[in-house]
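The chains referred to below are lettered A, B, ... by the order of the sequence lines, with proteins before strands, and numbering in each begins at 1. Every value quoted in this text rests on a predicted model; they were computed, and no experiment measured them.
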Protein chains: 2
Amino acid sequence: METLRERKKQRTREALLRAAAELFTTRGYEGTTVDDIAEAVDVSQRTFFRYFAGKEEAALALQGLVVTRFVQAVRERPAGEAPMEALRQSVLQGWATLHEVIEAVVPVELYLRLYRVVESTPVLLAAHLRRSEEIEETLARLLAEREGVDVDADPRPRLAVAVFGGVMRVTERQWVAREDFGLEEMRALTVSYLEQVGPALTENWRTR
Amino acid sequence: METLRERKKQRTREALLRAAAELFTTRGYEGTTVDDIAEAVDVSQRTFFRYFAGKEEAALALQGLVVTRFVQAVRERPAGEAPMEALRQSVLQGWATLHEVIEAVVPVELYLRLYRVVESTPVLLAAHLRRSEEIEETLARLLAEREGVDVDADPRPRLAVAVFGGVMRVTERQWVAREDFGLEEMRALTVSYLEQVGPALTENWRTR
DNA sequence: AGGCTAATGGCAGCCACTGACAGTTGACGA
DNA sequence: TCGTCAACTGTCAGTGGCTGCCATTAGCCT
């Protein structure tokens, strides 16, 4: 049984998250001030900054939930599985279970719209990419351990993860750019793009 | 023959670039204010912002010179060459001719130290990564045209460039982390890592 | 009930960045 | 050569993100 104080904090945090998502998707990221968000939840600006390191974090925290699940999924993949396949399965699994993670805080539809804001706001995109790199470092160490190689002596873990991350980012961008962008579309794109990495690296593309 | 006004502008810009590089590498990026930079060149803060869109840009402008050359090199590669090979050759060429591009503004040694600052300062790294993505979009269109495919219908150009970019970023990070980091080391790492992308994607890594 | 501590609010201040306006200086034709 | 125009610069005022500090409030625990 958690204490009242903890429940209150949890509620404040989620309220801030909701207000931020709502405002960012309607007025835009730059068009929303931290004061706006704080006011919507009826707390002081100072309190906002006690919950989030900055405005960016409030915009990316929801994705953080999904990413955490994804990394955890990789950790739990069977040891015999090939590295790239473990990543692939974990991502697909992440998309499949996204609903239950997100809906506890905001409607999935709002989450998806926020995704678009992140992708189209330069400063947010930059922060997003940096976070992706941090995750890639985590994954590289994970895979190295799994495969029993030294992550600092053998570049293959980092290379594999970087390639995977690159493909995923292309996928995200294409997905967000579409009219019909839902979770099923994302799944299909992910599978398709990962299949085409090999062909993309071959000699020339004219002979399809 | 360029006019006096243009020469003066050029000089101011390069002076700001030099001062920024010097200050960032000594006091750190966060430890340097825009006022510091402006004062070092004896111009107003307002003038600084007329030359650079922000503090970040002043830190990344030098790399911009190198990147521009790189993209131009890709454009000039023979049409028959395979896409990945064109990128590879262009990067190596870029490192080889870096000296003559940079030295015109600041000592190469200072440029390399600045590289480290970018890689180790979160906000700068984020901006750097975003710019990398923009470049990747440019390259994807370039390669698509070269190969005669539609960049929006065929994902292969973007995928190839994303993979290449991912590998280059891993290379950069490893290079900067080293004690002895010079241009020759960078060249060697680039060649080595690009060779290992294939192996990194194979089944498992235990049988090296 | 009352002391302890975590959480909050308010305030002052720093810094990045911008718009507006006025002053200065190079460019260029008469 | 000079005067006009346009480009460049400085100053100032203001906004917004973010932080440190201190006083106040509110949940926790004995």
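Heavy-atom contacts from other residues, nucleotides or ligands closer than 6.0 Å to CD of B/Glu145 number 12 or fewer. Dense packing is recorded around CG of B/Asp150, with more than 12 heavy atoms of other residues, nucleotides or ligands lying under 6.0 Å away. Atom CD of A/Glu85 sits in a crowded spot, with more than 12 heavy atoms from other residues, nucleotides or ligands closer than 6.0 Å.
Each ring pair (Phe, Tyr, Trp, His ring centres under 6.0 Å) pair with one or both residues in residues 143-168 of chain B, not counting sequence neighbours, would appear here, but there are none. Listed by first then second residue, pairs satisfying ring pair (Phe, Tyr, Trp, His ring centres under 6.0 Å) with a partner in residues 22-43 of chain B read B/Phe24-B/Tyr29, not counting sequence neighbours. Listed by first and then second residue, the side-chain hydrogen bond (donor to acceptor under 3.5 Å, both in side chains) pairs involving residues 56-65 of chain A amount to none (not counting sequence neighbours). Pairs of residues two or more places apart, or lying in two chains, never qualify as ring pair (Phe, Tyr, Trp, His ring centres under 6.0 Å) while including a residue from residues 116-152 of chain B.
Between B/Gln10 atom CD and C/dG26 atom P the separation is 17 Å, expressed in whole Å. Computed from coordinates, the B/Lys8 NZ to D/dA7 P distance equals 16 Å when rounded to whole Å. The interatomic distance linking A/Ile37 (CD1) with D/dG16 (P) rounds to 13 Å, in whole Å. The interatomic distance linking A/Lys55 (NZ) with D/dG16 (P) rounds to 9 Å, in whole Å. In this structure, CD of A/Gln45 is placed 13 Å from C1' of C/dA12, rounded to the nearest angstrom. Atom pair A/Glu2:CD and C/dA6:P shows a separation of 18 Å (rounding to whole Å applied). Atom NZ of B/Lys9 is separated from atom C1' of D/dA7 by 8 Å (rounded to the nearest Å). Rounded to a whole Å, the CD atom of A/Glu56 is 14 Å from the C1' atom of D/dG16.
Using a 4.0 Å cutoff on non-hydrogen atoms, no part of residues 114-130 of chain A comes near DNA chain D. Near DNA chain C, meaning a heavy atom under 4.0 Å from it, residues 14-36 of chain A has no residue at all. Using a 4.0 Å cut-off on heavy atoms, the residues of residues 46-53 of chain A that approach DNA chain C are A/Arg46, A/Thr47, A/Arg50, A/Tyr51, listed by number.
Just one of A/Arg7, A/Glu14, A/Arg13 meets the side-chain hydrogen bond (donor to acceptor under 3.5 Å, both in side chains) condition when paired with A/Gln10; it is A/Glu14.
Between the side chain of B/Thr26 and the main chain of B/Leu23, a donor-acceptor pair closer than 3.5 Å is present. Judged by distance alone, with hydrogens and angles left aside, the side-chain atoms of B/Thr121 form no donor-acceptor pair with the main-chain N or O of B/Leu124 at under 3.5 Å.
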Distances under 3.5 Å between nitrogen or oxygen atoms of protein and nucleotides 1-5 of chain C:
none

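Applying the side chain to side chain contact (heavy atoms under 4.5 Å, CB included) test to B/Thr33 and every residue at least two apart in sequence or in another chain returns B/Asp35, B/Asp36. Among residues two or more places apart in sequence or in another chain, the side chain to side chain contact (heavy atoms under 4.5 Å, CB included) test is passed with A/Glu137 by A/Arg141, A/Arg158. Applying the side chain to side chain contact (heavy atoms under 4.5 Å, CB included) rule to B/Glu76 yields the partners B/Gln72; only residues at least two apart in sequence or on another chain are considered. A/Arg77 pairs by the side chain to side chain contact (heavy atoms under 4.5 Å, CB included) definition with A/Glu81, A/Ala86, A/Gln89, A/Ser90, A/Gln93, A/Arg146, not counting sequence neighbours.
Distance from the side chain of A/Val43 is smallest to C/dG9 among C/dT8, C/dG9, D/dT11.
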